[in-house]
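Step one of this worksheet: look at the structure below.
Every chain is numbered from 1 and lettered A, B, ... according to where its sequence line falls, protein lines coming before strand lines. Any value given below was found using the heavy atoms of this structure, including those in side chains, with hydrogens, waters and symmetry copies removed.
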Protein chains: 2
Amino acid sequence: MKKSLADKIEQYIKVLIDRSSEHKIEIQRSELAETFRCVPSQVTYVINTRFTEKKGYLTESRRGGKGFVRIARFQDNSNLNEILNKNELLVFIDELLEKRAITKKEHEMLRYLVIHGFKDIPVKEKNKLFAAVRYALDSFTQARKH
Amino acid sequence: MKKSLADKIEQYIKVLIDRSSEHKIEIQRSELAETFRCVPSQVTYVINTRFTEKKGYLTESRRGGKGFVRIARFQDNSNLNEILNKNELLVFIDELLEKRAITKKEHEMLRYLVIHGFKDIPVKEKNKLFAAVRYALDSFTQARKH
DNA sequence: CCTTCTTTGACTTTTACTGACTTTTGTTTA
DNA sequence: TAAACAAAAGTCAGTAAAAGTCAAAGAAGG
């Protein structure tokens, strides 16, 4: 299994991120391309295939003079946490039904919302969101009791 | 972290605004240009690209002798947009009730969620979120009809 | 083979910066 | 007081320096 250039660039960037203070680096595409003696679009390729949101990275960039590419790894890396949190919220919603704090119809609707409603929200925000929804539901059902 | 001149001027102005009493400053374009050793139109460029209304700033200026550029940051640029969008979603939810697609209780719960549930989500995400919720609710109620 | 991943390069778009020229406004002077 | 002057700020187009896009060719793996 020979390492492709893309693999090497990927590894290089990951080392940079590891060494950085905030899990965040800023590079210049053209500069990096020169380091590896390849065309700049090769770097773009690496970024698009290896540093995706799904893999736990956020990227930003700016064109033009003094342009840059910023790559940040977010700490609650990934899926696991997201799914966990979504599950936690779903469990909470199930408990509400068990406690008769919500009706069966409401329960059905809420589950649907949680599962399908938050597709486009970045992972980082999603956790906050789930917590917020949980809080809101809690105080709502409390309030409704009286 | 290579900062462009425009970035530096932007930051400089923002610090001035932060230190000001009313989130408002008055500068002289030519003076600032001299400080940064650039042409005055560079300052105009920064103001036009970084201190726009969309980003929460209002600018005024006067030419000629005793000329000036005034930059003011207004409290919550987002509010207007946010509220508008939230309202759109609330209107949609109200319509669902009118169409009998949801019950009164569901309606009540959804309104509460929208109003109280998404407090900590950044504005930028919030709009996407509202759209997502609207979409989810739409398909949910469609599906439930059958 | 066939498919998928990599690499390349020509072309596009965005952003920064500059300088010549214009417009506006206050001040001075005839 | 009207005209000239000076001192601002605005406009705009041009240049350069990035990064992005996309399709096509090439390589690797099954």
Side-chain angles (χ1 to χ4, degrees), chain A residues 1-17 20 24-73 120 122, chain B residues 1-17 20 24-73 77 124:
Chain A
M1 206 218 301
K2 215 178 150 209
K3 272 212 185 114
S4 67
L5 179 54
D7 290 336
K8 287 179 200 151
I9 296 175
E10 176 190 5
Q11 198 152 15
Y12 181 83
I13 292 175
K14 284 186 172 164
V15 168
L16 287 186
I17 293 176
S20 72
K24 183 195 290 184
I25 60 160
E26 208 174 283
I27 56 171
Q28 260 167 285
R29 187 182 78 144
S30 52
E31 208 175 79
L32 191 53
E34 220 174 293
T35 305
F36 283 92
R37 289 190 183 74
C38 62
V39 293
S41 54
Q42 174 75 346
V43 176
T44 304
Y45 173 73
V46 172
I47 289 164
N48 289 339
T49 57
R50 321 292 223 260
F51 296 90
T52 63
E53 200 170 318
K54 252 200 126 181
K55 293 185 178 166
Y57 295 88
L58 284 178
T59 62
E60 279 179 286
S61 66
R62 194 168 69 192
R63 301 184 183 189
K66 301 276 166 44
F68 58 79
V69 176
R70 215 176 269 150
I71 306 176
R73 178 172 61 214
D120 286 342
Chain B
M1 293 262 191
K2 263 189 201 157
K3 283 226 179 87
S4 67
L5 179 54
D7 290 336
K8 287 179 201 153
I9 296 174
E10 176 191 5
Q11 197 155 16
Y12 181 82
I13 292 175
K14 283 186 172 166
V15 168
L16 288 187
I17 292 176
S20 72
K24 185 195 291 185
I25 60 159
E26 206 174 285
I27 56 172
Q28 257 165 290
R29 187 181 80 143
S30 51
E31 206 175 84
L32 191 53
E34 220 174 294
T35 304
F36 283 92
R37 287 190 186 75
C38 62
V39 292
S41 56
Q42 174 75 350
V43 176
T44 305
Y45 172 73
V46 172
I47 289 165
N48 289 339
T49 56
R50 318 292 222 262
F51 295 90
T52 63
E53 199 169 321
K54 243 195 135 182
K55 293 183 178 167
Y57 296 89
L58 284 178
T59 60
E60 279 179 286
S61 66
R62 195 167 66 194
R63 303 183 183 190
K66 302 276 168 49
F68 59 79
V69 176
R70 218 177 266 151
I71 306 176
R73 179 172 60 214
N77 71 350
K124 214 175 132 194

Rounded distance [0.5 Å steps], OG1 in Thr59(B) versus CZ in Arg70(B) |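 CZ of Arg70(B) is found 11.0 Å from OG1 of Thr59(B).
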
In Å and rounded to the nearest 0.5 Å, what is the CD1 to CD1 distance from Ile13(B) to Ile9(B)?
->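 Answer for the CD1-CD1 pair, Ile13(B) versus Ile9(B), is 7.0 Å.
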
Which residues share a salt bridge (charged side-chain N to carboxylate O under 4.0 Å, His left out) with [X], sequence neighbours left out:
| X | result |
| --- | --- |
| Lys66(B) | none |
| Lys8(A) | none |
| Glu34(B) | none |
| Arg29(A) | none |

All ring pair (Phe, Tyr, Trp, His ring centres under 6.0 Å) counterparts of Phe36(A), not counting sequence neighbours =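 Expected list: Tyr12(A).
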
For Phe51(A), enumerate each residue passing the ring pair (Phe, Tyr, Trp, His ring centres under 6.0 Å) test, keeping only those at least two apart in sequence or located in another chain.
->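 Counting only residues at least two positions away or on another chain, Phe51(A) forms a ring pair (Phe, Tyr, Trp, His ring centres under 6.0 Å) with Tyr57(A).
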
Base-contact (B) and sugar-phosphate-only (S) positions in nucleotides 23-30 of chain C, heavy-atom cut-off under 4.0 Å, - elsewhere | BBBSS---

Separation of atom [atom1] in [X] from atom [atom2] in [N], rounded to whole Å:
| X | N | atom1 | atom2 | value |
| --- | --- | --- | --- | --- |
| Lys3(A) | dG29(D) | NZ | P | 14 Å |
| Phe36(A) | dT8(C) | CZ | P | 13 Å |
| Leu32(B) | dA9(D) | CG | P | 10 Å |
| Arg70(B) | dA8(D) | CZ | C1' | 15 Å |
| Glu34(A) | dT8(C) | CD | P | 15 Å |
| Glu60(B) | dA9(D) | CD | P | 14 Å |
| Glu26(B) | dA8(D) | CD | C1' | 13 Å |

Phosphate contact (dA7(D) OP1 or OP2) by Ser30(B) side-chain N/O below 4.0 Å =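 For dA7(D), neither OP1 nor OP2 has a side-chain N or O of Ser30(B) closer than 4.0 Å.
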
Of the residues in residues 4-12 of chain B, which ones touch DNA chain C at a heavy-atom distance under 4.0 Å?
->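 Hits under 4.0 Å, by residue number: Ser4(B), Leu5(B), Ala6(B).
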
Looking at residues 39-52 of chain A, who's got a heavy atom less than 4.0 Å off DNA chain C?
->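 Residues of residues 39-52 of chain A that come under 4.0 Å of DNA chain C are, in numerical order, Val39(A), Ser41(A), Gln42(A), Tyr45(A), Arg50(A).
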
Please name all residues satisfying side-chain contact (heavy atoms from CB on, under 4.5 Å) with [X], sequence neighbours left out, ordered by chain then number.
| X | answer |
| --- | --- |
| Ser4(A) | Ala6(A), Asp7(A), Arg50(A) |
| Val15(A) | Arg19(A) |
| Gln11(A) | Lys3(A) |

